[in-house]
Amino acid sequence: MGTPSKDDSTKYEPPSSLTLHKNKPVREKTEFEQLAHRFCQTPYPALVLSVLNLFSLPGSIKAIRGYPSVMPCTTYTAAFAASAYALHTGDWINGSGLTAGWSAIWLFFNARNAIRSGRAFPLGVTAMVASIGSVYGYSYATIGRE
């Protein structure tokens, strides 16, 4: 009872999130989750967004209602191309995050103007940015929840 021996000197370590998740049963991914995961590992949807913004540039230069202005349009083109490059190199986590983030920024600044214009091309671009960005955002938000 006097002095503690070397075997009694165990320190208490609080459980980390890693040890807490090890004991949970692993659930199977749904078909949608598997499809979203495969979808987000390819650069083509992000490249489609880049090309759509590039095709919006003539409407931006002419200042047609519903199109983003010139400088943001070129920025979105470059940002979606950079995220497509990240996905192409195999970095699907950062590529998904970039695509989801820039899609949210695009929608925040341009969706209202595109909807109010009622023009087909700006509405189509808005729908594509919303759908592709939400799938990439879902994939990015559920990383590590296996």
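Both backbone and side-chain heavy atoms feed into the values below; hydrogens, waters and symmetry mates do not. Along the sequence shown, residues carry numbers from 1.
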Interatomic distance, CG@L47 vs NE2@H88, rounded to 0.5 Å, equals 10.5 Å
Across all chains, not counting sequence neighbours, the side chain to side chain contact (heavy atoms under 4.5 Å, CB included) partners of S50 are T77, F80, A81
dist N110:CG -> C73:SG (nearest 0.5 Å) comes out at 8.5 Å
- Message: Hydrophobic clustering (ILVMFWY, side-chain heavy atoms < 4.5 Å, transitive) - are V125 and F55 grouped together?
- Response: yes
Item to complete: Say whether, by atom type as modelled, one donor and one acceptor occur between the side chain of S134 and the main chain of A130 under 3.5 angstrom.
Response: yes
- Task: Would you confirm whether S96, through its side chain, and Y136, through its main-chain N or O, come within 3.5 Å as a donor-acceptor pair?
- Result: no
Rounding to 0.5 Å, atoms CG (L98) and CD1 (I93) come to a distance of 12.0 Å
Nearest heavy-atom contact between P43 and A84 is CB-O, 3.2 Å
Of all heavy-atom pairs linking L87 and A46, the shortest is CD1-CB, 4.1 Å
Discussion item. For the residue pair N94 / D91, report whether a side-chain donor-acceptor contact shorter than 3.5 Å exists.
Written reply: yes
Correct closest heavy-atom pair for Y67 and S56 would be CD2-O, 3.6 Å
One should read off an interatomic distance between S103 OG and M128 CE, to the nearest 0.5 angstrom, of 10.5 Å
Evaluate the side chain to side chain contact (heavy atoms under 4.5 Å, CB included) criterion for residues T126 and L107: first the C-alpha distance (whole Å), next the side-chain angles of each, then the deciding distance (0.1 Å), finally the verdict.
CA-CA 7 Å; T126 302; L107 290 170; 3.9 Å; yes
For atom OH of Y85, is the number of surrounding heavy atoms from other residues, nucleotides or ligands below 6.0 Å larger than 12? no
request  = Check whether any side-chain heavy atom of T75 lies under 4.5 Å from a side-chain heavy atom of W102, and answer yes or no.
outcome  = yes
Kindly say whether R65 contributes a backbone atom to a donor-acceptor pair with the side chain of R119 at under 3.5 angstrom? yes
Answer yes if I64 and I115 sit in the same cluster of Ile, Leu, Val, Met, Phe, Trp and Tyr residues linked by side chain heavy atoms under 4.5 Å apart, and no otherwise. no
task: Using a cut-off of 6.0 Å, state whether more than 12 heavy atoms not belonging to H37 lie near its atom NE2.
output: yes
Original post:
Applying the 4.5 Å side-chain criterion to the ILVMFWY set and letting contacts propagate, would L57 and F109 be lumped into a single cluster?
Top reply: no
Checklist entry - Is L123 linked to L52 within one hydrophobic cluster, defined over Ile, Leu, Val, Met, Phe, Trp and Tyr using a side-chain heavy-atom separation of less than 4.5 Å? => result no
(message) Any non-hydrogen side-chain atom of S139 less than 4.5 Å from a side-chain atom of F39?
(response) no
Original post:
Are the side chain of N53 and the backbone N or O of L49 linked by a donor-acceptor pair below 3.5 Å?
Top reply: yes
>> Is there a side chain to side chain contact (heavy atoms under 4.5 Å, CB included) between W92 and Y140? Walk through the geometry before answering.
In response: CA-CA 9 Å; W92 71 271; Y140 184 76; over 6 Å; no
Do Y76 and F108 share a hydrophobic cluster (ILVMFWY, side-chain heavy atoms under 4.5 Å, transitive)? yes
Discussion item. Would the distance check show the side chain of Q41 and the main-chain N or O of R38 forming a donor-acceptor pair, the cut-off being under 3.5 Å?
Written reply: no
